[in-house]
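Notes to accompany the following structure.
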2 protein chains.
Amino acid sequence: MLRARGERMTGPRRAVLTVLAEGDEHLSAEAVLDGVTRRESGVHRASVYRTLEALSDLGIVQHIHVGHGGTTYHLVRNGTRHLHAHCRVCGVVRDLPSDLLDGVAEALSRNHQFLLDPGHVALSGTCLGCRRTDS
Amino acid sequence: MLRARGERMTGPRRAVLTVLAEGDEHLSAEAVLDGVTRRESGVHRASVYRTLEALSDLGIVQHIHVGHGGTTYHLVRNGTRHLHAHCRVCGVVRDLPSDLLDGVAEALSRNHQFLLDPGHVALSGTCLGCRRTDS
DNA sequence: TTCTATGCAAACGATTTGCAGGGAG
DNA sequence: CTCCCTGCAAATCGTTTGCATAGAA
């Protein structure tokens, strides 16, 4: 697993990283806590949050905001910050190719003086399986 | 102001609509409550939330989720559900043309069986004034 | 009169903070 | 030995819910 990048490697941190590495991607903070607890009891909720924040700052994990749904975390695999779509009906988060918004990003930059960070929020909608429902 | 659409027109509802109509767009629920209270005291927080939800269901107001920032509400002016960009540094929400994501929506529909709802979440990034900072 | 919307208080879920002690480097 | 990271408890923020009642239609 990734080695200390100027930061200390502790039990809780190792556990969080392991859970993220094994997990099915896109875990909520609470889900990470569950996984951590299963692997090594006694780790406190607050430590998980603090660890996730620290790892985010280091660029080792990425967090995305999912509409009504809260925040999810996952490892940044080989430097790729891919995009996400969130189905507001079934709640699934699916990955999208990282270049999907390139055109939009350029348009925003050119016409609206806005620097898009495409990976930071999940696009919202419904997967076809969940067709039409509102909110 | 818009008349009852099968719903009852009450004091709190009138106040919420008035605040949204006069406000600078993109108000948080709490900001709406403040405005409502200033105009007519005694309206309860819960009523504002319930009213905003009811008006959302009627399509009279639109709510958007703003990354780390919570939920904001605004009137749907002449049926236009425009898009939004949120600067994560200064927090400003700016409107964007509603057709900006048309191409992306079509690509998602065709290649990913995903029906995009472009107006439901704000795109995240930084306005040029706030250049580069992270989170 | 009827039945919806309101006020109130309390519950809630997610996340954060102050503080003192423990352990990594 | 020093300072960062942790556990704990409590606070905070945004939002929701159960209940009895006021009031719109």
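In the text below, chain A, chain B and the rest are named by the order of the sequence lines, each starting its count at 1.
- Among residues two or more places apart in sequence or in another chain, the salt bridge (charged side-chain N to carboxylate O under 4.0 Å, His left out) test is passed with B/E30 by B/R45.
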Using the 3.5 Å cut-off, write out each protein N or O paired with an N or O of nucleotides 22-24 of chain C and the distance between them.
unit_1	atom_1	unit_2	atom_2	d
C/dG23	N2	A/R8	NH1	2.7

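- Taking the salt bridge (charged side-chain N to carboxylate O under 4.0 Å, His left out) definition, one finds that A/R38 meets it with nothing, sequence neighbours left out.
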**Request:** Using a 4.0 Å heavy-atom cut-off, write out nucleotides 8-17 of chain C from 5' to 3' as B (base contacted by protein), S (sugar-phosphate only) or - (no contact).
**Result:** BB----SBBB

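- Atom CG in B/L52 sits roughly 10 Å away from atom P in D/dT16 (whole-Å rounding).
- Applying the salt bridge (Lys or Arg N to Asp or Glu O under 4.0 Å) test to pairs two or more places apart or on separate chains, those with a residue in residues 60-80 of chain B are B/E25-B/R77.
- Taking the salt bridge (charged side-chain N to carboxylate O under 4.0 Å, His left out) definition, one finds that B/E106 meets it with B/R110, sequence neighbours left out.
- With rounding to whole Å, B/I64 atom CD1 is found 17 Å from D/dG14 atom C1'.
- For B/S47, a side-chain nitrogen or oxygen approaches OP1 or OP2 of C/dG7 to under 4.0 Å.
- Using a 30° and 60° split on the angle between ring planes, A/H120 and A/H63 fall in the perpendicular class, above 60°.
- Distance CD (B/E7) to C1' (C/dC3): 12 Å, rounded to an integer number of Å.
- A/I64 and B/V121 are members of different hydrophobic clusters when ILVMFWY side chains are connected at heavy-atom separations under 4.5 Å.
- For the pair A/R13 CZ and D/dC4 P, the interatomic distance rounds to 11 Å; values are reported in whole Å.
- Between A/V43 and A/T51, the closest side-chain pair of non-hydrogen atoms is not below 4.5 Å.
- A/H84 and A/H82 have tilted rings, their planes meeting at an angle from 30° to 60° on a 0 to 90° scale.
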